[in-house]
Each structure stands twice: as C-alpha cells, then as structure tokens.
Amino acid sequence: MSARLRYHDGPVQGEFKDVPSERALTIGRSYRNDIQIYGEGVSRVHCRIERAGADYQVLDLNSINGTEVNGRPVVKQCLHHGDRLQLADAVFVFERQSPSGNWPSQETKDLHEGQEACFQCGEYVPAEEVAKLKKTYGDLVYCEICLRTGPLVGRTLGHFTILSKISQGSMGAVYRARQSIVDRIVAFKILKKALAEKDSMIKRFLRGAAASARMNHPNIIQLYDIGEEEGFYYIAMEYVDGPTVGDVLELQGFQDLHKVISIGAQTAKALQHAFKNRIVHRDVKPSNILLTRNGLAKLTDFGLAKPMDEAGMSGITAAGATMGSLNYMSPEHIHDAKWADQRSDVYSLGATMYHMLTGEAAFPGSDLVSKVTSIQNEEPPSPKELRPEVPDALCRLIQRMMAKKPDDRYQTPKEVVSDLRTIRNLLSRQPVST
C-alpha cells in the first residue's frame, strides 16, 4: 500500500507528497531534500521516512530540535495512518492507502477530528479526553503537560495575576494580566512549557526580551519586566486594547491610503530606533504591528530580534536557519537569518505595506518552493495593477523597499520615513478614495 504526507498547516496546507517505497524520503532545510522546509529550528537534513518491511518508519537524523510523532520526541518509530509528524513548527500528517486502493477523504477524516487544542499551549488533546476535561475546567481543555503544571488563568506568577488569554504563537501564549505592585494591566507572554526545557529556546526567548528592553519609543511596545517563576519564563509588556494590522487586513482591509502611509511611517520610526540601538527585528509583519484606539502604531514581538553586533556570533541561530514569516522575508533572510540586518527589516515593512495597499501578499502562491523562488528572483506586480489609485511615488517606494539586493534598498528606515512624509504631503493636496 502506498503512503503520503499531507501538509497540515502553512502556505501549502492540504497538499500531498508521496512517500516512495523504493528509497527513503528526506525532509530538511537544504534544497537537496525531497521536502524542503523553510522554518525556524529545522536542520539541513532533519529526518527521513523509509520503508520497514510492510510498514514505514521515521528516523531523526540527529537534528538540532528533534522530530516529534503525535507530540512526543522520537529517534526511530513506525508510522501509522493519521500520525502527526512535527519538525519544529512544520506539521505533516502520515496517511496510508487502504487495501482497496482508496485514500481517506480530507473533508471527512482529519487528524484532529474530535480533538481540541489545549487552551494554554495550543497542543492537541485526544478526543477521548475532551469531554471530561471540559466538564472539569469549565468548557476548557488542557494537554498532559499543562495539566501537570496547572492552568494559568487565575494564577499569580510573581507580581502578575493572569486574567485571560489573548493569543497563541509557536513560542508560547500571550495573556492579559494585572501587575499588582503598580495596579496596571499588562500583556504577559509565557514561553511554552515544552520549549522551556530547551536551553536554546530559553536563550532565544530572553534574548528577544533583552533586545526590547534596550528601547524606549512611542511606536514600540514597552517592556516592563522579565522573569522566571515556578519554571515559567515570562515577559511583561505594555497592553494595547486594539487590533493588529493583520486583524484589519482579515476583517476589512485598508481603504484609506493615508492610513497605510501613517502606519508605515510610524513602524519605520520604530525600526529606526531599533537600528540606532543596533537591533534588527527579523519578524516585521502585519500581526506584529498593533494599533491603538487613537491611531498609534506599535511594533511588538522582538522574539526573533538580535543585536547587530552579535551577527553570526551568539550560537543561538543555526547556520542557514530561516526564522520569521515567509510572506514578509527578504531574499537574504530566507537564505540565512543570521546575517539579516536593518535593510532586511526595511524589506519586511515594504512587504507589509504592499499587503496593506493591495489586500494580498506580494507573492501569494501556495507552493512553498515556488514562493521562495519568486521572492528570491521575481518582481511582484506593481500595487497600481491591483489598486489603480495608488500613487506612482508610493509604488516606487514599495519597489525600492522590496529590492532583491540589500544595497538597492533604502539603507536605513529613516530614509523610508522621509520619503513617506513627502508622499503624504503630495496626497494631502488631492482627494483620496475612502
């Protein structure tokens, strides 16, 4: 019987890759693999899947962050239909063809059918446990690890009482909390417990916090505290009761060009402040720009940030590692995140503004390899082709921000601010579609 891997998430979700029966299939970051993954924590040749008699097995190839099957680290393990294979943030579903030669229907049989995500860390909880957990914890479910550490909502860590959950990311969750010592509401980010057992992840988490602590700017989320309590590593930050740029794009988009220019200029000011402090953000994207109720844009999540003085020296980012969100990564960032500098952040902001102006990513294709090839070699359509009222000057600015070669871009975010100011002044003299 044949076997295949189904991409469970990401830009190519739902697509398949056949597992050959006559040789091993390799997965990793190198282009020489059968499946190439551009993701944080994925090794050059991470693991392989091969035939083992009548079965198939996965073998971890001494990867940096390990290979997991159904949430558990493995070195070598047989695969069964429906098993979830995870390499860092990349997730696949292993599927076997039935004796009759049919494949399971994606629409009626999903790996997580009947399962629910852990409220605390996002891991999936077995279907047979869901009802029991909901009854115990008031309609919430928790995974095995989070049950051992205890639910966090309502709990006090240090001077912080956790009130509610805001969002979930690959590194951990962000909660709304009250800082009792000064009686204020904060955003409270906690490193995922499973990652807190890995020194490299703790170092990365704390390094991002340290980078954020070096900055004080109205367009950057302010950091209040960093700490560890009862084995939980946390960061307390300024709380913004407003949407992200990503939320606005998903719900309604940006009809006002002045708004796009304002958010772009404010974010560029934040990046210029980071540049002055020798910090590169490395993850500028719509979901990392928060919007306050009075129109202020605030750059957040310095989790992948790095001091420029430490480029290639910290040992935390593996050589050739790709970190961040592919739609907004510069070509050199995709090649190696260790050497991304302020010009890479300029590219990412340009890609974000492109999305805001047009309503879609500059390279929206679903095929991962094709998308990477496009980012590295092709020019995106002019924003004017998708939205005719975008001024030529703004199109040229985006084109320069997203130039393939770093030397062809704006060399500092400050230059972007200056040109955006000029474009804003030109727009103010003519009516703008709203």
Side-chain angles (χ1 to χ4, degrees), residues 40-41 64-66 68 71-73 86 88-89 116-125 129 133-134 136-214 221-241 283 287-288 290 300-306 314 316-317 323:
E40 178 185 351
I64 296 173
N65 292 305
E68 295 183 0
R72 298 184 181 279
Q86 184 162 359
D89 291 336
E116 290 194 19
C118 171
F119 174 76
Q120 197 151 288
C121 72
E123 294 294 333
Y124 284 97
V125 177
E129 299 292 326
L133 289 164
K134 282 189 172 184
T136 304
Y137 295 103
D139 220 27
L140 299 178
V141 297
Y142 294 91
C143 69
E144 185 180 342
I145 293 178
C146 291
L147 279 175
R148 288 202 302 268
T149 58
L152 287 172
V153 173
R155 192 165 173 175
T156 298
L157 297 176
H159 297 293
F160 303 92
T161 299
I162 300 170
L163 304 176
S164 60
K165 186 175 178 181
I166 299 173
S167 62
Q168 177 70 51
S170 60
M171 290 285 286
V174 180
Y175 297 86
R176 182 173 171 270
R178 182 177 298 279
Q179 188 177 11
S180 59
I181 197 168
V182 291
D183 192 27
R184 68 179 166 197
I185 299 298
V186 302
F188 197 67
K189 185 173 184 178
I190 300 178
L191 180 65
K192 189 182 289 188
K193 197 68 176 175
L195 298 181
E197 299 172 358
K198 302 177 181 179
D199 288 342
S200 63
M201 290 300 177
I202 295 172
K203 288 178 182 177
R204 179 170 291 141
F205 186 76
L206 297 179
R207 184 181 68 181
S212 183
R214 288 167 58 171
I221 290 293
Q222 186 178 353
L223 185 139
Y224 297 141
D225 195 14
I226 309 168
E228 181 270 330
E229 186 82 17
E230 300 176 26
F232 292 99
Y233 291 85
Y234 65 80
I235 303 170
M237 303 167 287
E238 174 186 1
Y239 175 73
V240 173
D241 186 15
D283 199 18
S287 61
N288 280 342
L290 286 160
T300 188
D301 198 349
F302 281 75
L304 299 183
K306 187 171 187 175
S314 70
I316 298 175
T317 306
M323 306 162 61

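Excluded from the calculations below are hydrogen atoms, water molecules and symmetry mates; all remaining heavy atoms, backbone and side chain alike, are included.
Here Thr156 contributes atom OG1 and Glu230 contributes atom CD; the two are 9.5 Å apart, rounded to the nearest 0.5 Å. To the nearest 0.5 Å, atoms CG (Asp283) and CG (Asn288) are separated by 5.0 Å. A distance of 11.0 Å separates CD in Gln86 from CG in Asn65, rounded to the nearest 0.5 Å. Of the inter-residue distances, the one linking Thr161 atom OG1 with Leu152 atom CG reads 12.0 Å to the nearest 0.5 angstrom. Note that OH of Tyr234 is 13.5 Å distant from CG of Leu191, once rounded to the nearest 0.5 Å. Taking CD1 from Ile221 and CZ from Phe302, the interatomic distance works out to 9.5 Å, rounded to the nearest 0.5 Å.
When all heavy atoms are compared, the tightest approach of Ile226 to Ala210 is CD1-N, 4.3 Å. For Ala209 against Leu223, the heavy-atom pair with the smallest separation is O-CD1, 3.6 Å. Here the closest non-hydrogen pair linking Tyr175 and Lys165 is CD2-CA, 3.7 Å. Considering every non-hydrogen atom in both Ala187 and Tyr239, the closest pair reads N-CB, 3.8 Å. Between Ser164 and Val153, the shortest heavy-atom distance links the atoms CA-CG2, 4.4 Å.
Partner of Phe188 under the side-chain contact (heavy atoms from CB on, under 4.5 Å) criterion, chosen from Leu157, Ile235, Ile166, Val174: Leu157.
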May I have the step-by-step check of side-chain contact (heavy atoms from CB on, under 4.5 Å) for Glu238 and Thr300, ending in yes or no? CA-CA 10 Å; Glu238 174 186 1; Thr300 188; over 6 Å; no
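A cation-pi contact links Arg184 to Tyr224, judged by a cut-off of 6.0 Å to the six-membered ring centre and 45° from its axis.
Side-chain contact check for Asp225 versus Val186: every heavy-atom pair is 4.5 Å or farther apart. Between Glu129 and Val141, every side-chain heavy-atom pair lies at or beyond the 4.5 Å cut-off.
Checked against a 6.0 Å centroid threshold, the rings of Tyr233 and Phe205 do not count as neighbours.
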